[in-house]
Structures are given as structure tokens and as C-alpha cells.
Amino acid sequence: MALQAPKGTKDLLPEQARFWEYFKKTAYDIFGRYGYAPLETPIFEQTELFVRGIGEATDVVSKEMFQVISGENLKNLLAGQAIKAKSQFSLRPEGTAGVVRAVVQNDLVPQGGAPAKLMYAGQMFRAERPQMGRLRQFRQVGVECLGAEAPSVDAEAIIMLMRFYEAIGIARPSMRLLLNSMGCDACRPAYREEVRSFILDHAQDMCEECLHRAEINPLRAFDCKNPHCAEIMEDAPKITDFLCEECRTHYATVKSYLQLAGIEFIEDTRLVRGLDYYMRTVFEVQVTNGMGAQNAIGGGGRYDKLAEEVGGRPTPGLGFALGFERCVIALEAAGNAFPATDVPSIFLACVDDSVRPVAFELLQALRDAGMTAEMDHQQRSLKSQFKLADKMAARTVCILGPEEVAEGKVKVRNMGTHEEKLIDLEAAAKFLGNFGGMPYNGVMPGIEEALD
RNA sequence: GUGGGUAUAGUUCAGUUGGAUAGAACGCCAGAUUGUGGCUCUGGAGGUCGUCGGUUCGAGCCCGAUUACCCACCCCA
């Protein structure tokens, strides 16, 4: 059997790869207006960074990371030797930890300095069982703002996130923005305990999974898909009733900024994020139709303690990540095609094989002059060369036959108007440079005019 | 890690209770007066029916195993 791409990975075929480029560019354009600058971090990091940053008990860290190991260390490991912590690497399962590490390491938020606003785009890796909207290698675009605690940071991030979705063609009504506050070290522990005892009080009615959650991370019981559990959790204590004064004010301010900006949101007290570093503001954007089970196209929140966790000085942070592949699903489900990339091109058709060297030479000249040009490479008939030209949406076809070449000419055909003109081979590149950029149905200029 | 589903042409899929040369659409190739595309018409190429084994006079179809993919749980973007 032919070799295949690894499970859970996908090739981005040209159309999709182009869209990925467009997707990144659009994100960087929009986020750039909000002051975010690009940052590229390694695709693998010390495993310890993710363990400390994301949380040892999270699923992402405890069972979904791809380990990276050099051949030498693998040999040592198989021989029963330990690998130094500094040589234990994992492919990044998300972007935030690496960015925060880079901020700390490069001191991008010096004491008293302005916040560092950073954005990234790239592949993430999680060793999960693949399904719709869930791959082992997937692409995320994300932003991180380090060094500012104000709720305006949270609000503007959410605003630009929604702006981005609309810019790439996901209609506002098809999305819903969920918002919640998870409290902070001051108020969350008490709440957490409250939820834990609530679950234990209803132990006989809850699924086994939730009982397990009660001990590990009680808040995750809010995510349980079991309808019965969900029903019970409806009556569970709500985080919003437990927020401390600071968290309450922060949350209220974020909401008021969003309202000011006309961004609709749904307060969802059950929204809890699975990564340990989140606190205070958390949000998630979902698309409801055609997404399968994985309907979150983006999400994020505040993580004011993460920098310390990674060994830096206390630096508040906020960020989000959005999934490229899931956005593509949302776009396709809504019947939206990728933006067409209309590259006007020129095709050189050869009447017989004798003129191929001449065509080949002209082809390079056209490309050197900045045009997109192509010829047949399969000895096809003239007729099918024209079909090829059509397929690549060539506006112009140059016909080279023994007769033309003998006179040092080339015949230029406007595929829209069927107009044909004989011009000198030597002047062809210049002529086509002027003509090639014309609208499909445009009239060819006179030769003197074009060569002016 | 746990369930369920699918596997037939380049692609999307038909294929009746097991029966002779396995079909369609689209795509591809070639023609339809000379050296010229889109539309139309005609013809043609292309399949070890995922793989291995079993039942049977006979298997694309039934049984078992295996692999791959998909979907769901879980988790998350």
C-alpha cells in the first residue's frame, strides 16, 4: 500500500494552502491595527514548560503531547538511562506557553514597560483520536497581551477576534460568543469547593466521570455532555455569585466595553476552560451549524499567574487562539467558497514540436518580465493545449507555429474576444506586459500603442 | 483509551435473495473538414471490488481476522 500522511494530519492542497496564507495575512492585518506584532517561537519546547504552564493534570498535558526525542537520547532511554529534563521536549500543543516563555526570556515586558502585544500563527500538535474538527496537527492563530491587567485589554481582544471572523466570511449571526469569569486565587478556591460538595451531594445521580471530576477539577462537570448531569448542574452554584470585589469589577467592565462596541455575547456561567492557567475573563466562540461535535472556533482568556509559573516576574496576561481548520469547516458548512485567486496568466500553445524551443525561450522571457506564463509539458495536441489554457483561466494564448516562427512572429489571441494579432517575437514580452494585464474582455491595443 | 460506521474507476457513488464480460455521473483521452478553447454529439482508456483467510459448484455481496479512514465519547482551537 502506498505511504500515507500520519494519522490525524492533512495536506493543505493548493487551494487550502492559499487560503491559509490569506487567513494569516487577514489576521495579522487586523490584529496589527490593535498593536499586535508577530512572534515566532519554536515548534517544540521543553516538556516542563507545558507541564508547569498548562497544568500537569490537564488532558492536554497528561495524555495528548507528542514527545520529541533525538536518536541519541532514544537509544539511551531504551538502554534504561534517564534523559535530562533539559533534553525532554514536546511538540507544542498550544501557543500561549511558548509565547509567555519567550516574553520572559527576552524580557519583552521590562519593569514599568509597555505591554507586549504579540501574535502568532502556526501548527500545534495533540495526540488525540482524530475526528471532525480535531486533528493531531492543526493550525492556530493566536494573540497574547502581556503586562496589562486592565479589562480594556480583554474587551479589545474579543472585539478584534469577532472582527476577524467576519472578515474571513463567517457571518455574525452564525456565531455565538460565550463569556464568563472564572475568578482568581482569592475567590475561586471557595467556589471550587462549593461545586465539589454540590456534586458529592448529588453523587447518586451523576455519572462516574463527574464523580471523578469532583476530585480532579470539579468545574469541568459543567462541560459534561450527559443530559442528566447537565440538568443537575443547572442548579449548581454559579461562579458569578462567588466572585471577589476585584473580579466582579473587572468582569463588569469587560462587559460594558463589549456593549459599548455593540458586541453581543452570552453570559455562560458553565463556561470553563480546560487549561489550568485561565482566570477571570474566559470566552469562547462557537458556530452551531455543520460543525460536528467540535464547535468552538476560538477561545481564550486571562492568565495573570502564568508568567510566574514559567519563572518570570509577575506579569498579567490575556490571549486567545482560533483554529484554522475549524474556521474552514464553518465556512464550508455555510456554503462560502474560499476567496478566488484570480491570476491572469498567459499560455503558449505550440502547433508542432519543432517550435517548442522557441516557445520555451519566450516563456522564460515572459516570466522574467513578471508575468504568470505556462506551456504544455506533455506533448498534447493543439486542441488540448487550448483546453489546458482554459482550465488555468489564461486570458491570453500565444500560438507558435512553423509559419509564425519562420517570420520571427508570434500570434497573440485574446481568449475573451477571440481577437488575434501577429506581433514580433522580440517585442512579445513587452506587448504582453501591456496586454496581459487587461480585463478579460478588453480590446487588444494596437501594436505601436502597446509598445510605446 | 472506549464505542459505532465505512472501504467498488482519478472523484462522488450504484450494484437486487450469492450467478456468467462489475455499472452511472463527473473527470480524462481521441474524433466531429485545414493549425484554435468553453457548449453539444460520438467513441475510447481506466477497477488485483482495502488486505488475508474461510463457507460455497460459484463471493463485490455471507463469515472471521487485519489495516486504513470517518463519526461519537473524552478533551479542546
Side-chain angles (χ1 to χ4, degrees), chain A residues 1-10 54 57-65 92-96 121-142 161 165 207-210 212-213 217 220 223-226 271-275 278 283-287 291-301 319-330 347 349-352 354-355 378-405 411-416 418-420 440:
Chain A
M1 201 210 289
L3 290 169
Q4 301 187 10
K7 183 196 283 289
T9 68
K10 276 215 169 91
I54 301 169
T58 60
D59 281 18
V60 168
V61 166
S62 65
K63 51 190 190 198
E64 294 173 3
M65 286 209 294
R92 60 184 185 193
E94 53 99 59
T96 302
Q123 286 84 349
M124 306 297 160
F125 305 84
R126 291 183 199 174
E128 301 178 272
R129 190 82 157 257
Q131 70 185 68
M132 187 172 190
R134 194 170 79 181
L135 295 168
R136 292 182 155 199
Q137 177 179 176
F138 57 100
R139 291 166 178 78
Q140 285 187 336
V141 173
L161 176 62
Y165 288 133
C207 69
E208 237 172 85
E209 195 74 41
C210 282
H212 180 64
R213 287 182 177 118
N217 187 352
R220 295 224 60 86
D223 266 351
C224 190
K225 295 257 165 61
N226 183 324
L271 176 65
V272 290
R273 316 237 80 227
L275 309 180
Y278 284 120
F283 53 93
E284 183 168 302
V285 181
Q286 301 179 342
V287 170
M291 288 296 291
Q294 316 298 329
N295 62 358
I297 57 173
F320 64 70
L322 57 106
F324 169 71
E325 287 84 355
R326 289 191 187 173
C327 286
V328 169
I329 294 172
F347 192 90
C350 298
V351 173
D352 66 27
S354 73
V355 300
Q378 295 167 302
Q379 321 300 123
R380 293 197 187 215
S381 69
L382 185 62
K383 189 198 263 285
S384 65
Q385 288 181 54
F386 269 87
K387 288 186 178 176
L388 273 185
D390 262 332
K391 220 156 286 168
M392 60 178 64
R395 290 174 180 175
T396 310
V397 170
C398 295
I399 302 133
L400 289 127
E403 293 162 26
E404 289 87 352
V405 170
K411 195 185 276 176
V412 175
R413 178 182 175 87
N414 179 328
M415 294 293 273
H418 301 193
E419 188 188 1
E420 291 186 346
Y440 188 67

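Below, each value reflects all heavy atoms present in this structure, side chains not excepted, and no hydrogens, waters or symmetry copies. In what follows, chains are A, B, ... by sequence order, proteins preceding strands, each numbered from 1.
- Nucleotides B:U17 and B:C61 have their P atoms positioned 15 Å apart, rounded to a whole Å.
- Taking for each of A:Ser384 and A:Gly8 the nucleotide of RNA chain B with the nearest heavy atom, the 5'-most of the two is the partner of A:Ser384.
- Going from atom CZ of A:Arg129 over to atom P of B:A68 covers 11 Å, rounded to whole Å.
- Checking A:Ile399, A:Val397, A:Val412 one by one against A:Glu420, the side chain to side chain contact (heavy atoms under 4.5 Å, CB included) holds for a single residue, A:Ile399.
- Using C1' as the reference atom, B:G35 and B:C26 are 30 Å apart when rounded to the nearest Å.
- A salt bridge between A:Arg139 and A:Glu325 is present, with a side-chain N of the basic residue lying under 4.0 Å from a carboxylate O of the acidic one.
- Atom C1' of nucleotide B:U34 and atom NZ of A:Lys383 are separated by 13 Å, given to the nearest angstrom.
- Spacing of P atoms, B:U48 relative to B:G3, comes out at 34 Å, to the nearest Å.
- Within the nucleic acid shown, A:Gly133 comes within 4.0 Å of at least one base atom, counting heavy atoms only.
- With a cut-off of 3.5 Å on both pairing distances, the Watson-Crick and G-U wobble pairs of RNA chain B assemble into stems of 3 or more at B:1-7 with B:67-73, B:10-13 with B:23-26, B:28-32 with B:40-44, B:50-54 with B:62-66.
- As rounded to the nearest Å, B:A20 and B:G60 have P atoms that lie 10 Å from one another.
- B:C75 atom P lies 13 Å from atom CZ of A:Arg126, rounded to whole Å.
- The OG1 atom of A:Thr396 lies 12.5 Å from the CZ atom of A:Phe347; values are rounded to the nearest 0.5 Å.
- Straight-line distance from the NZ atom of A:Lys7 to the P atom of B:C69: 5 Å, rounded to whole Å.
- A sub-4.0 Å separation between OP1 or OP2 of B:A30 and a side-chain N or O of A:Ser381 is present.
- When the side-chain nitrogen and oxygen atoms of A:Lys63 are compared with OP1 and OP2 of B:C74, none of them lie within a distance under 4.0 Å.
- To the nearest angstrom, C1' of B:C39 lies 12 Å from CG of A:Asp390.
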### Query
Going through the checks in order, is the side-chain contact (heavy atoms from CB on, under 4.5 Å) test met by A:Thr9 and A:Phe138?
CA-CA 8 Å; A:Thr9 68; A:Phe138 57 100; over 6 Å; no
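- Nucleotides B:G23 and B:G4 have their P atoms positioned 36 Å apart, rounded to a whole Å.
- Taking only side-chain atoms of A:Arg326, from C-beta outward, the nucleotide of B:A77, B:C28, B:C70 with the closest atom is B:A77.
- Contact check, A:Gln385 against B:U36: no side-chain N or O comes under 4.0 Å of OP1 or OP2.
- Scanning for side chain to side chain contact (heavy atoms under 4.5 Å, CB included) contacts around A:Val61 gives A:Phe50, A:Val51, A:Ile54, A:Thr58, A:Met65, with sequence neighbours left out.
- The CG-P distance, from A:Leu388 to B:U36, rounds to 16 Å in whole Å.
- Across B:G38, B:C76, B:G35, the shortest atom-to-atom separation from the side chain of A:His418 is found for B:G38.
- Set against B:A77, B:C74, B:U36, the side chain of A:Gln140 has B:A77 as its closest nucleotide.
- Side-chain atoms of A:Gln294 come within donor-acceptor range of the base of B:C75, with a qualifying N/O pair under 3.5 Å.
- Residue-nucleotide stacking is not present for A:Phe324 and B:A77, judged by a side-chain ring centre under 5.5 Å from the six-membered base ring centre and planes under 30° apart.
- Proximity of A:Ile297 to A:Gln286: side-chain heavy atoms (C-beta onward) are nowhere separated by under 4.5 Å.
- Using a distance-only test at 3.5 Å, with no hydrogens or angles considered, a donor-acceptor pair links the side chain of A:Arg134 to the main chain of A:Arg129.
- The separation of B:A14 from B:A68, taken at their P atoms, amounts to 24 Å, rounded to a whole angstrom.
- Counting any heavy atom pair closer than 4.0 Å across all strands shown, A:Ile399 reaches a base atom.
- The residue A:Arg139 sits apart from the nucleic acid: no heavy atom pair falls under 4.0 Å.
- The nucleotide whose nearest atom lies closest to any side-chain atom of A:Glu128 is, among B:C71, B:C70, B:C75, B:C75.
- Residues A:Val285 and A:Arg413 both approach RNA chain B. Their nearest nucleotides, taken by heavy-atom distance, put A:Arg413 toward the 5′ side.
- Residue A:Gln131 places at least one side-chain N or O closer than 4.0 Å to OP1 or OP2 of B:A72.
- A:Arg126 places no side-chain N or O within 3.5 Å of a backbone atom of A:Val60 that could act as its donor or acceptor partner.
- When the C1' atom is used for both B:C28 and B:U11, the distance is 11 Å, rounded to whole Å.
- Here A:Glu94 lies out of heavy-atom contact (under 4.0 Å) with every strand.
- A:Ala296 comes within 4.0 angstrom of sugar-phosphate atoms only, judged by non-hydrogen atoms across all strands, and of no base.
- If you take CD of A:Gln378 and C1' of B:C28, they are 11 Å apart, rounded to a whole angstrom.
- When the C1' atom is compared between B:C52 and B:U67, the two are found 10 Å apart, to the nearest whole Å.
- The base of B:U36 sits with one of its N or O atoms less than 3.5 Å from a complementary donor or acceptor on the side chain of A:Glu420.
- The distance from atom CZ of A:Arg134 to atom C1' of B:C70 is 13 Å, rounded to the nearest whole Å.
- Side chain of A:Arg326 to backbone of A:Gly133: a donor-acceptor contact under 3.5 angstrom is found.
- Without hydrogens or angle criteria, A:Glu94 side chain to A:Thr96 main chain gives a donor-acceptor distance under 3.5 Å.
- Comparing B:G35, B:A77, B:C75 by their closest approach to the side chain of A:Val60 singles out B:C75.
- Between the side chain of A:Glu404 and the base of B:G35 there is at least one donor-acceptor pair of N/O atoms closer than 3.5 Å.
- Considering only side-chain atoms of A:Met132, the nucleotide from B:U36, B:A72, B:C74 that sits closest is B:A72.
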